[in-house]
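Worksheet for the structure shown next.
Atoms within each ligand, like the ligands themselves, are counted from 1 in listed order.
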Amino acid sequence: MRAAFLSRTIGAMLSLIPLALNPERFAPFGAVVRLGAPLVVNEGFAQRRDARLELEGREPGARMCLSLFDVSVRPAPLLVRQLERHPWSAQVFLPVDGCRALVVVAGSTPDGGVDPVQLAAFIAGPEDGILYAPGVWHLGLSSLDRPARFHMAMWSGTRPDTELCDLPEPVQVEMAAAGVPK
Ligand SMILES: NC(=O)N[C@@H](O)C(=O)O
């Protein structure tokens, strides 16, 4: 499914028009995670909201890593120059304070590089968790509108698990053309 619109005016920079993140569009790259309704627990002193998900780990013996990400807004113009991936583990981000996030993903070429034809950009809503399947090229997390906090979880073993890829040329994310409501 065409997940976003990659275009180029002759002689200009490649540009991406982001779409609103939704499970169907994002399925080739991972999953959209949404918390369930609040449950009252602890004798009424707490509420919890659960999201049950599959977080694939490919390294036997790896341990779960939980992180807090305090992310900032990438300045305009939004230029994507580098993507990364984690071959040994899926990775999930969950917004803590209800902020939108920019998601850029790409498929892989047969030799494992970034496939620029399969670049896709999405805008994750304030309730959207983002789960990248193992090995999916993605832009390092950044928020939209304001600095924000996200929980992150992934498996962490002994193998190096962050690969970086610099794009041959920057790709501009056209937020103005996105037409996605704030
Ligand atoms: N590398 C790192 O810690 N963060 C990335 O994985 C990311 O997706 O933000």
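Considering backbone and side-chain atoms alike, Leu141 places an N or O below 3.5 Å from some N or O of ligand 1.
When each atom of ligand 1 is checked for a heavy atom of His86 under 4.0 Å away, the hits are 6 (O). Of all atoms in ligand 1, numbered sequentially from 1 with element shown, those under 4.0 Å from a heavy atom of Glu84 are 1 (N), 2 (C), 4 (N), 5 (C), 6 (O), 7 (C), 8 (O). Using a 4.0 Å cut-off to heavy atoms of Phe93, the atoms of ligand 1 that qualify are 7 (C), 8 (O), 9 (O).
Below 30°, between 30° and 60°, or above 60°: for His138 and His86 the angle between ring planes is between 30° and 60°, a tilted geometry.
Between Arg81 and Asp166 there is no salt bridge, since no side-chain nitrogen of the basic residue lies less than 4.0 Å from a carboxylate oxygen of the acidic one. The pair Arg146-Asp97 meets the salt-bridge criterion, with a side-chain N (NZ, NE, NH1 or NH2) lying under 4.0 Å from an Asp/Glu carboxylate O.
Residue His138 touches ligand 1 through its side chain alone, judged by heavy-atom distances below 4.0 Å. Looking at Phe69 against ligand 1, only its side chain comes within 4.0 Å, counting heavy atoms.
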Exercise for review: Check the pair Glu127, Arg49 against salt bridge (charged side-chain N to carboxylate O under 4.0 Å, His left out), reporting the backbone distance first and the verdict last.
Suggested key: CA-CA 12 Å; Glu127 293 276 315; Arg49 297 179 64 193; 3.3 Å; yes
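In this structure, Asn42 contributes its side chain and Phe45 its backbone to no donor-acceptor pair below 3.5 Å.
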